[in-house]
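Below is one structure, written out as C-alpha cells; comments come after it.
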Amino acid sequence: MSSLQPVRGTHDLLPDDSRRHRWVEEVAFAAAKRYGFGEIVTPIFEFTEVFSRTLGETSDVVTKEMYTFADRSGDSLTLRPEGTAGVARAFISNGLAQSLPLKLFYRGPMFRHERPQKGRLRQFHQVGVELLGVESPLADVEVIALAWRVLSELGLAGKVRLELNTLGDADSRAAYRDTLTAYLSDFRASLSEDSRNRLDRNPLRVLDSKDEGDRKIVEGAPLMSDSLTPSAREFFATVTDGLTQLGIPFVVNPKLVRGLDYYCHTAFEFTTTALGAQGTVLAGGRYDELIAQMGGVRTPGIGWAAGIERLSMLVDQVPAGVRPITVIPMGDALRAMAVAERLRRAGMTVDLGYSGNMKKRMARADKVNARFAVIMGEDEASRGAVTIRDLDGGTQDEVPLASLEEHLGRLL
RNA sequence: GCGGGUGUAGCUCAGUUGGUUAGAGCGCCAGUUUGUGGUACUGGAUGUCGGCGGUUCGAUUCCGCUCACUCGCCCCA
C-alpha cells in the first residue's frame with residue numbers, strides 16, 4: 001500500500017470536479033431555502049450510540065460499516081454514516097422542540113466502510129432535508145415536492161423515477177410483519193441463504209431480494225397494503241393524492257422497503273438505471289418515533305438524503321463560471337498587479353500571470369478562457385493609457401487608465 | 001464481506017509469443033514570431049510498465065501474494 005495513494009474509497013475533488021459538486025449542492029440548498037428550510041451544520045462525528053441506537057442494532061450500516069474509534073479519553077466515537085441521526089440528536093440537545101415545525105437542510109461528508117464501486121465511496125457526500133414536528137401527510141407531500149424540484153433543476157427529471165410505498169404505522173407494521181413472516185416461513189427451505197437471514201432479522205427486506213427464486217416466492221406474498229390500519233391507509237392516500245395534484249409522477253412499489261429501522265409510513269426513492277447497481281439517487285421517508293427512541297419528546301419527522309457524487313454523475317453540464325479579465329504587463333509587473341487590484345475591488349474577476357513574455361501571457365489568457373485582456377504596454381503608459389483587447393472578437397482599443405473600470409464595466 | 005475483470009507517461013491507450021536505449025495521440029515545455037492568444041509547423045521533457053516476492057542467464061511480459069480501480073452480489077445516497 002502506497003501512502004501516497006488516497007485512502008481506499010476516498011477521492012480528491014480537483015477544481016473542475018469541485019465546481020460540479022458545489023453546483024449540485026447549491027442547487028439543492030437554493031431550492032430548500034425557497035421551501036423555507038434553513039441550514040443546520042452538525043459535527044461529522046458523534047458518540048457511537050447516536051447511530052447504533054437509532055439506525056437499528058441489526059442494520060448493516062451499524063453492524064459492519066461504521067468508522068468507529070475510541071478517542072483519547074476513551075469515548076467511543078463514530079464518523080457519521082448518514083445525516084438524520086445527528087440532526088435528531090441536535091434537535092434534542094438544543095431543545096428545538098420549542099420551535100416546531102422545523103425545516104432543516106444539511107450537506108457534507110458521510111462515512112461508510114463498504115466495498116467501493118462506481119457511485120459508492122467510503123467518504124461520500126450528501127445533501128438532505130428534515131422536516132420535524134408535522135404529523136400531517138402534507139409534510140410528506142411538500143418534502144417530496146422539494147426533492148422533485150431539486151432533481152428537476154439539476155436537469156434530471158427525465159432520468160429518474162419516483163417509487164413510493166407506505167410502511168404503515170406501528171400497528172400496521174407489526175401486523176404485516178407477522179403475516180409476512182408466516183407466509184415466508186412456509187418457503188424457508190427454498191429461500192436463498194441471504195433471505196433466510198433476512199427472514200430472521202428484518203423480514204421486510206426479503207421483499208426486495210434480487211434472487212430469482214426469492215422473487216417467485218415474493219410474488220405470492222401478502223402485501224403491506226392489506227395489513228394497513230384504516231388511518232395508515234388514509235394517510236398514504238393523502239400523500240398519493242397530493243403528489244398527483246402537484247403533478248409529480250410516481251409509481252407505487254409495494255415491495256419498496258427501507259434499510260434503516262426508524263422509518264414508518266411514507267418511504268420513497270428516486271432511482272435511475274444509469275448508474276448500474278447504485279440506482280438510488282435520493283431516498284427518504286417518515287420517522288415519527290425516532291426522536292422519542294433517542295430520548296426526546298416524541299416528535300414526528302420526515303426527510304430525505306441524496307448522494308452528491310451520484311447526482312453529479314448524472315448531471316450533463318454545469319453552468320460555466322465567470323470569465324476573467326487578464327492583465328498583461330509589458331514591463332512593470334507590480335504596476336499591473338496594482339491595476340488588477342483596482343479591478344477586483346470593482347468586483348471583477350482578474351487573472352494575472354506571474355511570468356512570461358506577451359505571447360505566453362496571451363496563451364494563458366486563452367487557457368483560462370478570459371473575456372478581455374488589459375495590455376499595459378510602454379507606449380500606452382507614456383500616454384496614461386492601456387489597451388483593452390476583446391479576446392472573442394480579436395479587436396482592441398486604447399482607453400485612459402484612469403477610467404479603465406468604467407470601460408470594462410460597459411463591455412462586460 | 002463474497003465472486004469476476006483491469007492496472008504501461010499528467011490523460012486515453014498501443015506494445016513486448018521473456019532478451020540490450022518501452023511507444024502513439026492529447027496535454028506540457030521551448031522555438032518559428034525580442035508588443036498579441038485560440039490555427040499550423042519544428043524540437044524537447046516525462047515512466048520505479050501498480051507494489052512485493054518467486055521461476056529464469058534475463059521478467060514490464062510467466063506464477064503467487066498484495067494494493068487500487070471496476071462489474072455483479074450484499075447494502076445503500
Side-chain angles (χ1 to χ4, degrees), chain A residues 1-11 14 24 28 55 58-65 80-84 107-128 147 160 192-195 197-198 201-202 205 208-212 214 257-260 268-272 275-284 303-314 326 328-331 353 356-381 387-396:
Chain A
M1 175 211 307
S2 163
S3 59
L4 294 182
Q5 282 181 337
V7 173
R8 184 174 200 195
T10 66
H11 228 268
L14 273 25
V24 169
L55 304 185
T58 62
S59 70
D60 278 36
V61 170
V62 169
T63 56
K64 45 195 198 205
E65 293 176 1
R80 64 182 185 194
E82 57 97 50
T84 303
R107 52 178 151 185
M110 307 291 166
F111 306 84
R112 256 120 95 157
H113 191 107
E114 297 186 275
R115 179 139 180 188
Q117 272 181 45
K118 180 162 57 165
R120 195 167 84 181
L121 300 166
R122 289 186 173 178
Q123 175 176 337
F124 62 103
H125 299 78
Q126 291 186 328
V127 288
V160 298
S192 66
E193 193 188 329
D194 280 335
S195 284
N197 283 329
R198 286 187 275 235
R201 285 179 18 198
N202 188 351
R205 292 230 65 103
D208 65 352
S209 172
K210 283 175 191 157
D211 181 87
E212 194 84 17
D214 291 352
V257 294
R258 307 268 63 198
L260 307 177
F268 59 95
E269 267 179 29
F270 285 87
T271 60
T272 174
L275 294 178
Q278 278 64 242
T280 302
V281 124
L282 181 156
W304 51 254
I308 297 177
E309 285 84 358
R310 290 184 186 179
L311 291 173
S312 295
M313 282 189 283
L314 292 178
T326 295
I328 300 179
M330 294 314 302
N357 56 23
M358 181 146 189
K359 179 184 167 71
K360 286 260 177 358
R361 290 170 183 270
M362 285 297 285
R364 177 179 168 82
D366 212 56
K367 200 159 61 180
V368 301
N369 194 27
R371 181 66 187 82
F372 295 99
V374 173
I375 300 166
M376 301 179 61
E378 330 229 299
D379 295 355
E380 293 97 319
T387 296
I388 297 176
R389 181 171 177 86
D390 180 329
L391 292 170
D392 287 351
T395 56
Q396 57 191 51

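Letters A, B, ... mirror the listed sequences (proteins, then strands); counts begin at 1.
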### Query
Under 4.0 Å between a side-chain N or O of R364(A) and OP1 or OP2 of rC29(B)?
no

### Message
Say we look at rA9(B) and rG44(B): how far apart would their C1' atoms be, to the nearest angstrom?
### Response
15 Å

### Message
Both distances below 3.5 Å, Watson-Crick or wobble geometry, any strand: find the nucleotide opposite rG72(B).
### Response
rC2(B)

### Query
For rG37(B), does either OP1 or OP2 sit under 4.0 Å from a side-chain N or O belonging to K367(A)?
no

### Summary
Pairing partner of rG64(B), by Watson-Crick or G-U wobble and under 3.5 Å for both distances, is rC52(B)

### Message
Nearest whole Å is fine: how far is rC2(B) C1' from N197(A) CG?
### Response
14 Å

### Query
Which part of the nucleic acid does D379(A) contact within heavy-atom distance under 4.0 Å: base, sugar-phosphate only, or nothing?
base

### Query
What integer distance in Å separates K118(A):NZ from rC73(B):C1'?
17 Å

### Message
In this structure, how many angstroms lie between the C1' atom of rG38(B) and the NZ atom of K359(A), rounded?
### Response
10 Å

### Query
With a 4.0 Å cut-off on heavy atoms, is L282(A) in touch with a base, just the backbone sugar-phosphate, or nothing at all?
sugar-phosphate

### Summary
Between CD of Q126(A) and C1' of rA77(B) the distance, given in whole Å, is 5 Å

### Task
Output the single nucleotide from rC71(B), rA77(B), rG35(B) whose closest atom is nearest the side chain of E380(A).
rG35(B)

### Query
Taking atom C1' in both rA24(B) and rC69(B), what distance in whole Å separates the two?
24 Å

### Query
Phosphate oxygens OP1/OP2 of rC69(B): is one of them under 4.0 Å from a side-chain N or O of R8(A)?
yes

### Query
For G356(A), which contact category applies under a 4.0 Å heavy-atom criterion: base, sugar-phosphate, or nothing?
nothing

### Query
Could you give the CG-to-P distance, from D214(A) to rC74(B), as a whole number of Å?
9 Å

### Task
Please work out if E269(A) contacts a base, only the sugar-phosphate, or nothing of the nucleic acid, heavy-atom cut-off 4.0 Å.
nothing

### Task
May I ask you to say what E193(A) touches in the nucleic acid, namely base, sugar-phosphate or nothing, with a heavy-atom cut-off under 4.0 Å?
nothing

### Summary
Which of rG35(B), rA77(B), rC29(B) is nearest the side chain of K360(A)? It is rC29(B)

### Task
Mind checking G128(A) for me? I need base, sugar-phosphate or nothing, with any heavy atom below 4.0 Å counting as a touch.
nothing

### Query
Cut-off 3.5 Å, side chains only: do S209(A) and D214(A) have a donor facing an acceptor?
yes

### Query
Across the strands shown, which category fits A365(A) at heavy-atom distances under 4.0 angstrom: base, sugar-phosphate, nothing?
nothing

### Message
I want to confirm an ordering. Mapping H113(A) and D194(A) to their closest nucleotides on RNA chain B, which one lands closer to the 5' end?
### Response
H113(A)

### Query
The side chain of M358(A) lies closest to which of these nucleotides: rC2(B), rU36(B), rC73(B)?
rU36(B)

### Message
When you measure only distances, ignoring hydrogens and angles, does the side chain of R198(A) come within 3.5 Å of the base of rC75(B) through a donor and an acceptor?
### Response
no

### Query
If you look at every strand shown and take non-hydrogen atoms under 4.0 Å, does E309(A) touch a base, only sugar-phosphate, or nothing?
nothing

#### Entry: Atom P, compared across rC73(B) and rC57(B): separation rounded to whole Å
48 Å

### Any strand: nucleotide that pairs with rU42(B) via Watson-Crick or wobble, under 3.5 Å
rA30(B)

### Task
Would you classify I308(A) as touching base, sugar-phosphate or nothing, given that sugar-phosphate means primed atoms plus P, OP1 and OP2, and contacts are heavy atoms under 4.0 Å?
nothing

### Task
Indicate, with a heavy-atom threshold strictly under 4.0 Å, whether L14(A) touches base, sugar-phosphate, or nothing.
nothing

### Query
Just checking R389(A): base, sugar-phosphate only, or nothing, at a heavy-atom cut-off of under 4.0 Å?
base

### Task
Ignoring the backbone of D366(A), work out which of rA77(B), rG38(B), rC74(B) is nearest its side chain.
rG38(B)

### Candidate nucleotides rU36(B), rG35(B), rC75(B), ranked by approach to the side chain of Q396(A) - the nearest
rU36(B)

### Query
Base, sugar-phosphate alone, or nothing: which one does D208(A) contact when heavy atoms must sit under 4.0 Å apart?
nothing

### Any donor-acceptor N/O pair under 3.5 Å between rG37(B) base and R361(A) side chain
no

### Task
May I ask which nucleotide in the shown strands pairs with rU16(B), Watson-Crick or G-U wobble, both distances under 3.5 Å?
none

